[in-house]
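Here the structure is laid out as C-alpha cells; the discussion comes afterwards.
All values derive from a computational prediction rather than experimental measurement. Just the heavy atoms: all of them, side chains too, but no hydrogens, waters or symmetry mates, feed the values below. Chain naming here is simple, since letters A, B, ... match the order of the sequence lines and numbering starts at 1 in each.
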Protein chains: 2
Amino acid sequence: METTLKSRETMHRLCGKGLEIFNEKGYYNTSLDDILTQLSLSKGAFYHHFKSKEDYFISIVQNLIVQKVYALLIEPLNTEENPLPVIVESLENALEPGKKNEMAYGFMLNDFLTEFNKRNEEISGYLKDILNVWEVNLVSVLKKGKLDGYIARHVDCEGVATYIIASYLGMRSLMMDSTNRQLKYQYIQQLKQYFRSLEPQHVMA
Amino acid sequence: METTLKSRETMHRLCGKGLEIFNEKGYYNTSLDDILTQLSLSKGAFYHHFKSKEDYFISIVQNLIVQKVYALLIEPLNTEENPLPVIVESLENALEPGKKNEMAYGFMLNDFLTEFNKRNEEISGYLKDILNVWEVNLVSVLKKGKLDGYIARHVDCEGVATYIIASYLGMRSLMMDSTNRQLKYQYIQQLKQYFRSLEPQHVMA
DNA sequence: CATTTAACCGACCCGCAAGTCGGTTCGGTT
DNA sequence: AACCGAACCGACTTGCGGGTCGGTTAAATG
C-alpha cells in the first residue's frame with residue numbers, strides 16, 4: 001500500500017508539472033527532459049508510470065483539464081437564475097489569470113486544440129469531446145432561460161452557444177502574451193452587449 | 001535576366017506550395033522534404049533561395065498571407081455604405097472554403113498565431129502585426145459608420161473590433177476539420193444578431 | 001537475514017529533420 | 001570554344017528528443 005501511494009504521488013506530480021509546462025511552451029515544444037529535470041526525476045521513472053508521451057498527455061487531459069473545464073465553465077451554469085449573466089460571470093472568471101501562480105487553466109483549450117488538430121487525432125478527439133460537453137451544457141441552460149422568459153423566443157440556442165465558444169476561444173489567440181486587462185474588459189463588455197440583444201423586448205406598457 | 005526570372009519562378013513555387021502544406025499540416029509538422037518532394041526540388045535548391053526554414057516562412061507571411069488578409073478582410077471595408085453588413089460579408093467570404101481547390105486563406109491566421117506563439121517570437125510578431133492592421137481598419141470603418149449614423153453613439157468601436165476578431169479566430173478552432181456549413185451559418189447569424197444591437201434605436205415616430 | 005519487486009536511474013539507441021558542402025548542369029557572355 | 005556564375009543536386013553531418021534497457025535502491029514480507 002505504501003508503494004501504491006508513492007506511485008500515485010509521483011504520477012500526480014508529473015501530471016501537474018506537465019500541464020504547467022505544456023501550457024507554457026506547448027506540447028511538441030516541450031521535451032520530457034524539460035519536465036523531468038524540474039522534478040528531479042529520470043526517464044526511467046517516467047516510463048515506469050506512462051507508456052508514452054502521448055499516453056502521459058491523455059492522462060493530463062482526462063484528469064486535470066476535464067476537471068478544470070467542469071469547475072470553471074460547466075458547473076457554474078447550474079443555477080436557477082437568469083443564465084445570461086451567469087455565463088458572463090463564468091467566462092470572466094475563466095479568463096482570469098491564475099490566482100497566486102496558478103495559470104489560467106480555462107485558457108489552454110484553444111492552444112491545445114490547435115496544436116493537436118492535424119497532428120494527433122486521438123488527443124484532438126478528447127479535446128473536442130470537452131468542447132462538446134461544454135456546448136451541450138450551454139445549449140441546455142440557454143433553452144431553460146428561454147422557458148423562464150429570460151431569453152427571447154426567436155433565439156437559436158445552438159447558434160448562441162457556438163458564438164459564445166468561438167469568441168471565448170478566439171480571445172485566447174489575442175491575449176497570448178500579456179494578460180491584457182484591456183482586452184478582457186472589451187470582450188466582456190461586448191459579450192454583455194450581445195446578450196442584451198437576446199433578451200425579450202422590454203414591454204413598454 | 002533570364003536567370004533572374006527562373007529564380008523568381010522557383011521562389012514563387014516554393015512559397016505557394018509551402019503555404020499550402022504548412023496550412024494543411026502546420027509549420028513544425030512539415031519537413032522541408034515534404035515540400036521539396038512535391039516540387040521535385042532538392043535541399044540545395046531550397047537553401048540557394050532561402051537562408052533557413054524560418055526565413056522561408058517569413059517570406060510566405062510577408063508575400064502571401066499579408067496579401068490575402070488585405071484582399072479578403074481589409075480592402076472590402078473600403079466603402080461608403082453601412083459598415084456592418086460589409087463586415088459581415090467580408091467575414092462570410094473569408095470563411096468560405098476555397099473556390100476550386102484553393103484553401104481558405106483567411107482561416108489560417110489563428111492556426112499560425114497559436115503555433116508560433118511561445119515558439120518563435122519574430123514570426124509571431126509579424127502575424128500579430130497583421131492582426132493589428134486589421135483591427136485598426138475595423139475600428140476606423142466602425143467609427144466612420146458611427147458618424148454616418150449607422151452605429152449607435154454609445155458603442156465602443158475598439159471593443160467591437162476586438163470582439164469581431166476574437167469570434168472570427170475562434171471559429172477556426174471550431175471548424176478545424178469538416179468545413180462545417182452549419183457552424184458557419186450559426187456564426188454569421190449570431191454576428192448579425194450582435195450587430196443589430198449596435199444600431200441606433202429605431203425611432204418609432 | 002534473504003528474497004522479491006515496485007520505483008527509479010541514466011547511458012544508450014535510433015529516427016527524423018534542419019542545415020552543409022562539394023560537385024554538376026546549363027544559359028549567357030566574350 | 002572557353003569561361004563564369006547562377007541554379008540546382010543529394011549525400012552527409014549534426015543535434016534533438018522519444019523511447020529502451022540493464023542495473024540499483026529500498027520497502028515489504030517470510
Phosphate contact (C:dC8 OP1 or OP2) by A:Thr10 side-chain N/O below 4.0 Å: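 Checking C:dC8 against A:Thr10, a side-chain N or O does come within under 4.0 Å of OP1 or OP2.
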
Please produce a list of atom pairs where a protein N or O lies less than 3.5 Å from an N or O of nucleotides 10-13 of chain C.
| from | atom 1 | to | atom 2 | distance (Å) |
| --- | --- | --- | --- | --- |
| C:dG10 | O6 | A:Gly44 | N | 3.0 |

Could I get the full list of side chain to side chain contact (heavy atoms under 4.5 Å, CB included) partners for [X], not counting sequence neighbours?
X        : answer
A:Ser140 : none
B:Val133 : B:Tyr70, B:Ile74, B:Asn137
B:Gln67  : B:Leu64
B:Lys53  : B:Phe22, B:Tyr27, B:Leu32

Could you list the donor-acceptor pairs under 3.5 angstrom formed by side chains in residues 78-89 of chain A, with sequence neighbours left out?
| from | atom 1 | to | atom 2 | distance (Å) |
| --- | --- | --- | --- | --- |
| A:Thr79 | OG1 | A:Glu81 | N | 3.0 |
| A:Glu80 | OE1 | A:Lys144 | NZ | 3.3 |
| A:Asn82 | OD1 | A:Leu84 | N | 3.1 |

Give me the residues of residues 26-37 of chain A where at least one heavy atom lies under 4.0 Å from an atom of DNA chain D, by number, or none.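 DNA chain D contact set from residues 26-37 of chain A: A:Thr30, A:Ser31, A:Leu32.
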
Contacting residues from residues 46-57 of chain B, given that a heavy atom lies under 4.0 angstrom of DNA chain D: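 B:His48, B:His49 - these, ordered by number, are the residues of the stretch whose heavy atoms sit under 4.0 Å from the strand.
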
Determine which pairs satisfy ring pair (Phe, Tyr, Trp, His ring centres under 6.0 Å) with at least one residue from residues 122-153 of chain B, sequence neighbours left out, and list them in order.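 Pairs touching residues 122-153 of chain B that pass the test: B:Trp134-B:Tyr168.
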
Tell me the salt bridge (Lys or Arg N to Asp or Glu O under 4.0 Å) pairs involving residues 152-169 of chain A, sequence neighbours left out?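 Pairs touching residues 152-169 of chain A that pass the test: A:Lys143-A:Glu158.
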
Which whole-number value in Å describes the distance from B:Leu39 CG to D:dA7 C1'?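 It works out to 15 Å between those atoms.
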
Distance in angstrom units between A:Leu41 CG and D:dT24 P, rounded: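 A:Leu41 atom CG is separated from D:dT24 atom P by 20 Å.
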
Looking at A:Gln190 and B:Gly159, what are the two nearest heavy atoms and their distance?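 In this case the closest contact between A:Gln190 and B:Gly159 is CG-O, 3.3 Å.
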
Who are the ring pair (Phe, Tyr, Trp, His ring centres under 6.0 Å) partners of A:Tyr163, not counting sequence neighbours?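 Ring pair (Phe, Tyr, Trp, His ring centres under 6.0 Å) check on A:Tyr163 returns A:Tyr194, B:Tyr163, B:Tyr187.
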
Which residue pairs pass the side chain to side chain donor-acceptor pair (under 3.5 Å) test when at least one of the two sits in residues 38-48 of chain B, sequence neighbours left out?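 Qualifying pairs, neighbours excluded: B:Lys17-B:Gln38.
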
